[in-house]
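Step one of this worksheet: look at the structure below.
All figures in this text were calculated on a predicted structure; none of them were measured in a lab.
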Amino acid sequence: MNEQIHEKLKSIKQSFRLLMNGIASQSMRQKGVSYKINWGVPLPELQKMAAEYGKDYGLAVELWKEDIRECQILATLVMPAEKMDADLVDVWMERLRTQEMAELLAFNLLQHLDFAPALAYQWIASDRTMYQLCGYQLLARLFARRMEPNEWGINEFLDQARTTLEGDDLSLRHAAYNCVLGFCELGPDFEAVAKKALAGLNLL
């Protein structure tokens, strides 16, 4: 790590102390949201901080390595999407620990990658919960941006969604359900296909 990035990282970590919200941090812990360090800093404050630093590849890489909630959120905000390649995505995914971070990573960064659809379909078929969560979050964002899947994508998504919705994991079922709703918003034809594929689940 070069000296300039080291100084930025030090300054960022110090600023968290001033912005900390003990009540929010404690509330997250009680809900099972576990980070090594969690200052409970509100998202708007982190967005403001990210705007001050601007896009910075080197800083983002170092921030993500920290097992600190605020550092990782900032990393998703300052990483330039065009510099995020598939290998780096793999490295980041290995450190993904919480549902909150899966949502923010998909929303702030992954949806802007050229290969986002490929990642989403790969992950919803994964046997790892965090990957599946992130995959559904990512697909939901793409659907919200009116990115329509092709026939293969439709079949793959609805097959995986049905399997997930029949499963026991509540957080995954919730993510898959929201994704299905986003899929239906693409238009009447998509809604009709979803209703047929998910018949018997009493969802739509």
List the atom pairs, with distances to 0.1 Å, where a side-chain N or O of residues 54-62 and a protein N or O form a donor-acceptor pair under 3.5 Å, not counting sequence neighbours.
residue, atom, partner, partner atom, Å
K55, NZ, L77, O, 2.8
D56, OD1, G58, N, 3.3
D56, OD1, L59, N, 3.0
D56, OD2, K8, NZ, 2.8
E62, OE2, K65, NZ, 3.2

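With sequence neighbours left out, E185 forms a salt bridge (Lys or Arg N to Asp or Glu O under 4.0 Å) with no residue at all. For D169, the side-chain hydrogen bond (donor to acceptor under 3.5 Å, both in side chains) partners at least two apart in sequence or on another chain are S171. Among residues two or more places apart in sequence or in another chain, the side-chain contact (heavy atoms from CB on, under 4.5 Å) test is passed with N2 by Q4, I5. By the side-chain contact (heavy atoms from CB on, under 4.5 Å) test, Q14 pairs with K10, sequence neighbours left out. Looking at residues two or more places apart in sequence or on another chain, you find no side-chain hydrogen bond (donor to acceptor under 3.5 Å, both in side chains) involving S126. For R162, the salt bridge (Lys or Arg N to Asp or Glu O under 4.0 Å) test picks out E166, with sequence neighbours left out. Contacts of R141 classified as side-chain hydrogen bond (donor to acceptor under 3.5 Å, both in side chains), with partners at least two apart in sequence or in another chain: none. The side-chain hydrogen bond (donor to acceptor under 3.5 Å, both in side chains) search around H174 returns N178, not counting sequence neighbours. With sequence neighbours excluded, the residues satisfying side-chain contact (heavy atoms from CB on, under 4.5 Å) with E103 are Q99, Q137.
Between E191 and P188, the closest side-chain pair of non-hydrogen atoms is not below 4.5 Å. The closest side-chain heavy-atom distance from E66 to L9 is below 4.5 Å. Side-chain contact between K196 and V193 is absent, with no heavy atoms from C-beta onward closer than 4.5 Å. The shortest side-chain heavy-atom distance between Y53 and L74 does not fall under the 4.5 Å cut-off.
One finds the SG atom of C71 at 6.0 Å from the NZ atom of K13 (value rounded to the nearest 0.5 Å). Distance check: T76 OG1 to L46 CG gives 9.0 Å after rounding to the nearest 0.5 Å. Here CE of M84 is found 13.0 Å from CG of D114. Values are rounded to the nearest 0.5 Å. Separation of atoms CD1 (I73) and CG (N38) is listed at 8.0 Å; rounding is to 0.5 Å. Here the straight-line distance linking atom CG of L165 with atom SG of C179 works out to 10.0 Å at 0.5 Å rounding. Taking CG of L133 as the start and CD1 of I124 as the end, the distance is 12.0 Å to the nearest 0.5 Å.
Cluster membership check: L63 does not share its hydrophobic cluster with L18, using side-chain heavy-atom separations under 4.5 Å among Ile, Leu, Val, Met, Phe, Trp and Tyr. Under the 4.5 Å side-chain heavy-atom criterion for ILVMFWY residues, no single connected hydrophobic cluster contains both L170 and L172.
Sorted by first and then second residue, the salt bridge (Lys or Arg N to Asp or Glu O under 4.0 Å) pairs with a member in residues 75-96 read E94-R128; sequence neighbours excluded. Counting only residues at least two apart or in different chains, ring pair (Phe, Tyr, Trp, His ring centres under 6.0 Å) contacts with residues 82-118 comprise W64-W92.
When all heavy atoms are compared, the tightest approach of R146 to L186 is NH2-O, 3.3 Å. The minimum heavy-atom distance linking P149 with F190 is given by the pair CD-CE2, 4.0 Å. A120 approaches G135 most closely through the heavy-atom pair CB-O, 3.8 Å. The two residues G40 and E70 have their closest heavy-atom pair at N-OE2, 2.9 Å.
In this structure, E151 places its CD atom where only 12 or fewer heavy-atom neighbours from other residues, nucleotides or ligands lie under 6.0 Å away.
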(request) Could you give me the CA-CA distance, side-chain angles and deciding distance for M130 and M101, then say whether side-chain contact (heavy atoms from CB on, under 4.5 Å) is met? (result) CA-CA 9 Å; M130 277 301 144; M101 203 58 68; over 6 Å; no
(message) Under the criterion side-chain contact (heavy atoms from CB on, under 4.5 Å), I'd like the reasoning laid out for F16 against M49: C-alpha separation, chi angles, the key distance, then a yes or no.
(response) CA-CA 10 Å; F16 293 151; M49 201 184 290; 4.0 Å; yes
(request) Starting from the C-alpha separation in whole Å, work towards a yes-or-no answer on ring-ring contact (aromatic ring centres under 6.0 Å, His included) for Y131 and Y136. (result) CA-CA 9 Å; Y131 282 70; Y136 283 120; over 10 Å; no
(request) Carefully, step by step, assess V89 and L113 under the rule side-chain contact (heavy atoms from CB on, under 4.5 Å). (result) CA-CA 10 Å; V89 171; L113 305 183; 3.9 Å; yes
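When ring centroids are compared, F157 and Y121 stay outside the 6.0 Å threshold.
Proximity of a side-chain donor or acceptor of R17 to a complementary backbone N or O of W39 within less than 3.5 Å is not detected. Using a distance-only test at 3.5 Å, with no hydrogens or angles considered, a donor-acceptor pair links the side chain of T164 to the main chain of Q160.
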